[in-house]
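One structure is given below, encoded as structure tokens.
Computed over heavy atoms, backbone and side chain alike; hydrogens, waters and symmetry mates excluded. A, B, ... follow the sequence lines: proteins, then strands. Residue 1 opens every chain. Every value quoted in this text rests on a predicted model; they were computed, and no experiment measured them.
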Amino acid sequence: MAGPPASPPPVSGEPVGTLGGPSTPSVRGTNVSEQVQHPAADDDLPEQMRVRRAKREQLLADGVDPYPVAVARTAELAEVRRRYADLATDTASGDTVSVAGRVIFVRNTGKLCFATLRAGDGAELQAMLSLDRLGADALAAWKKLVDLGDLVAVTGEVISSRRGELSVLADRWEMAAKALRPLPVAHRPLGEEARVRQRYVDLIVRPAAREIVRARAAVTRTLREVLHTRDFVEVETPMLQTLHGGAAARPFVTHSNALDTDLYLRIAPELFLKRCVVGGLERVFEINRNFRNEGVDSTHSPEFAMLEAYEAYGDYHTMATLTRTLVQAAAYALNGSHVVVHADGTEYDLGGQWAETTLYGSLSAALGEEVTVATPMAELARYAARHELAVDPKWGPGKLAEELFELLVTPTLHAPTFVRDYPAETSPLTRAHRSVPGVTEKWDLYVLGGMELATAYSELVDPVEQRERFQQQAGLAARGDDEAMRLDEDFLRAMEYGMPPAGGMGMGIDRLLMALTGLGIRETILFPLVRAE
RNA sequence: GGGCUGCUAGCUCAAUGGCAGAGCUGCGGACUUUUAAUCCGUAGGUUCAGGGUUCGAGUCCCUGGCGGCCCA
């Protein structure tokens with residue numbers, strides 16, 4: 001380390017050549033004065049950033065790369081913790097290791113410095129830097145040049161301090177990457193917006209932020225494993241589509257220059273997965289993103305991850321069993337139990353068999369009046385008025401019954417509940433019930449007081465009936481319902497080759513994480529969409 | 001779309017219409033066993049932007065921007 005830390009380097013801006021070097025011709029001939037503005041811009045930086053930039057300059061001046069291509073590293077922090085877990089207080093192991101991590105706390109005394117290093121997995125290890133081991137220059141350089149947030153590497157003996165803290169007593173230290181921005185206060189939560197907009201900082205300072213990322217990975221891996229063991233094949237179907245279909249939702253529109261045509265970001269993979277089933281991929285699934293150009297709030301994100309699975313010769317009963325298996329496996333992967341613990345400490349039991357009811361049955365119970373798919377519009381409208389539900393004139397009786405159900409029943413569905421047999425009117429891709437007229441073989445799975453977690457059908461596979469349902473939807477679209485589905489000729493052509501009877505299921509991955517953790521959707525998505533700064 | 005609410009130092013937050021502050025962070029100093037180290041000293045601000053009321057606006061009013069919560 002270079003000697004006396006006498007002169008704070010002249011803050012003379014970027015070293016020549018890094019930016020605007022010879023490769024940028026515009027700089028050379030003309031406006032040289034513009035180049036000199038870099039230092040001036042630096043002067044506008046907050047003091048703490050100027051200081052850190054100056055330290056970077058000092059390192060360079062000392063001939064030390066603040067961003068070396070590699071540093072000595074023989075062990076991970078967690079590995080050292082594991083291996084020396086039993087090292088007695090105030091003893092030395094005799095073993096030398098090289099470790100690296102981010103400096104999150106510093107406690108400097110005159111001739112002995114302590115720093116807490118943290119690795120990406122959350123493991124922490126103390127580094128000790130003493131005058132007698134390091135020498136005056138290296139110790140002075142440490143104190144002068146290392147800030148909270150820097151990534152450093154330390155080589156030394158694994159010891160336990162007098163207070164019993166497992167530590168690396170440094171013979172040598174190196175800068176692994178100099179941080180130019182200060183870390184936020186480590187023990188106070190970052191503001192909501194900063195957490196979302198600068199997730200990287202959130203991840204550095206908040207262990208729970210890292211845990212949710214790993215929880216999500218554990219969940220998606222578990223879903224895949226369960227499906228693979230049941231011989232489901234994972235596929236990836238188009239996210240750019242010339243027609244949007246498979247759900248009732250407003251799409252995002254984009255444009256292909258090559259084809260000179262507008263394209264839609266998919267709102268659901270359903271119609272492509274069914275093409276797969278027609279082709280003989282009898283058990284097929286996809287986990288990927290859907291995009292819906294709709295509201296953004298605590299349960300809705302414009303892009304959201306979804307699992308869809310189709311099983312030939314299955315139906316909505318087999319999909320219910322599959323769904324319960326998947327959710328319970330995910331819960332088990334997170335918590336080792338079907339009872340998960342939410343962020344607020346409450347327990348949520350996903351175990352055992354789940355409650356089942358029907359839409360009209362549960363609605364009748366809530367209304368105290370017998371309601372069926374045959375109940376006329378006028379009567380339903382009276383119930384709506386009784387409960388102060390505004391009725392959209394575009395609604396039919398099926399849609400109104402569903403709205404009443406959502407208003408009166410779903411808030412009461414706290415434990416996981418399958419709600420079966422929806423009106424045909426609102427389910428254009430669903431097969432008619434095999435014994436109950438007017439309803440379809442569809443269920444919605446509700447959790448946590450009304451959050452819709454998954455849905456499944458016994459799929460409609462009759463191409464003629466499918467065409468009629470599409471035509472009804474096209475009529476709605478023509479009347480200005482921009483959520484209505486478009487007629488997809490190629491999909492119908494596929495169906496005309498014959499699709500086996502099948503069950504299909506879709507589950508929101510973000511919502512599954514919410515149900516398993518009790519967190520809001522913006523916490524379960526690493527980088528949720530936010531307005532540009 | 002409607003209602004409520006927030007935006008102040010790098011971070012988290014204070015400040016009856018009357019000198020813009022604290023803790024942490026930073027900087028200078030002391031300290032060879034600290035644990036969010038401690039102690040002494042010190043710096044740091046376009047109070048989101050623009051307009052208005054006022055002798056005087058972070059504070060009140062209007063418009064806009066960016067968030068959050070609740071409702072449809």
Looking only at side-chain N and O atoms, does A/Arg53 come under 4.0 Å of OP1 or OP2 in B/G26?
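False: A/Arg53 side-chain N/O out of range (4.0 Å or more) of B/G26 OP1/OP2.
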Would you please confirm or rule out a distance under 4.0 Å between OP1 or OP2 of B/G67 and any side-chain N or O of A/Arg197?
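So the side chain of A/Arg197 is within the cut-off, an N or O lying under 4.0 Å from OP1 or OP2 of B/G67.
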Is there side-chain contact between A/Leu117 and A/Val152, with heavy atoms separated by less than 4.5 Å?
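Side-chain contact under 4.5 Å: yes.
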Under a 4.5 Å cut-off applied to non-hydrogen side-chain atoms, are A/Asp444 and A/Arg420 in contact?
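Sidechains of A/Arg420 and A/Asp444: no contact.
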Given RNA chain B, 5'-ward residue of the pair A/Phe105 and A/Phe114, judged by closest heavy atom:
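Result: A/Phe114.
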5′-ward residue of the pair A/Leu407/A/Leu131 relative to RNA chain B
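Closer to the 5' end of RNA chain B: A/Leu131.
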[N] and [M]: how far apart are their [atom1] atoms, nearest whole angstrom?
N	M	atom1	value
B/G3	B/U46	C1'	32 Å
B/A49	B/C7	C1'	12 Å
B/G44	B/C39	P	23 Å
B/C13	B/G52	C1'	30 Å
B/C31	B/U38	C1'	9 Å
B/U54	B/C66	P	32 Å
B/C60	B/G6	P	9 Å

Tell me the interatomic distance from [X], atom [atom1], to [N], atom [atom2], rounded to whole angstroms.
X	N	atom1	atom2	result
A/Lys144	B/G29	NZ	P	7 Å
A/Leu183	B/U12	CG	P	12 Å
A/Lys111	B/A30	NZ	P	10 Å
A/Gln48	B/G10	CD	C1'	5 Å
A/Asn108	B/U38	CG	C1'	12 Å
A/Arg52	B/G26	CZ	C1'	8 Å
A/His387	B/A72	NE2	C1'	18 Å
A/Gln198	B/G67	CD	C1'	14 Å

Only pairs with both distances under 3.5 Å count, Watson-Crick or wobble alike; so what is the partner of [N] in this structure?
N	result
B/G50	B/C62
B/G1	B/C71
B/G26	B/U42
B/G56	none
B/A37	none
B/C31	none

Answer yes if the ring centres of A/His414 and A/Tyr348 are under 6.0 angstrom apart, and no otherwise.
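Close enough - the centres of the two rings lie under 6.0 Å apart.
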So, A/Tyr446 versus A/Phe405, ring centres under 6.0 angstrom or not?
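Between A/Phe405 and A/Tyr446, which both carry aromatic rings, the centre distance is below 6.0 Å.
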Looking for any heavy atom pair under 4.0 Å, which part of the strands does A/Val106 touch: base, sugar-phosphate only, or nothing?
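A/Val106: backbone/sugar contact only, no base atoms under 4.0 Å.
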Classify the nucleic acid contact of A/Asp90 as base, sugar-phosphate or nothing, counting any heavy atom under 4.0 Å across all strands shown.
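A/Asp90: no heavy atom of the nucleic acid under 4.0 Å.
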With the threshold set at 4.0 Å, does a side-chain nitrogen-carboxylate oxygen contact exist between [X] and [Y]?
X	Y	value
A/Asp510	A/Arg216	yes
A/Glu523	A/Arg195	yes
A/Glu57	A/Arg53	no

From C-beta outward on [X], which listed nucleotide comes closest to its side chain: [options]?
X	options	value
A/Leu190	B/U32, B/U33, B/C11	B/C11
A/Pro182	B/U25, B/C69, B/U33	B/U25
A/Ala194	B/U35, B/U12, B/G67	B/U12

